Amino acid sequence: MRVTVAVAGEDTREVEVDEGATYADLLDPLPYSAHQVSVLVDGRPVPEDAPVESDEVEVLRLVKGG
């Protein structure tokens, strides 16, 4: 399955994942871990262990600081 991944404020990439892949698997070819980002489908966060069911997702980088 080919998924369009739009990284907020950065670029958009096409990622190929196997059937049954999770959103964490979708992040593997990207330079982000599941702890650094939130994956959104239709503007709503999805669990990293949920199966990929959408061909378009948005990735938001989480910012920490103080």
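What you see is a predicted model, and the numbers here were worked out from it, not measured in a lab.
- Rounding to the nearest 0.5 Å gives a distance of 10.5 Å between CD of Glu58 and CG of Asp42.
- When hydrophobic residues (I, L, V, M, F, W, Y) are linked wherever their side-chain heavy atoms come within less than 4.5 Å, the members clustered with Val37 are Met1, Val3, Val5, Val7, Val15, Val17, Tyr23, Leu26, Leu27, Leu30, Tyr32, Val39, Val41, Val46, Val52, Val57, Val59.
- Using a 4.5 Å heavy-atom threshold, the side chains of Pro45 and Leu40 count as touching.
- Legend: salt bridge (charged side-chain N to carboxylate O under 4.0 Å, His left out) pairs involving residues 5-21, not counting sequence neighbours, sorted by first then second residue: Arg2-Glu16, Glu10-Arg61, Asp11-Arg13.
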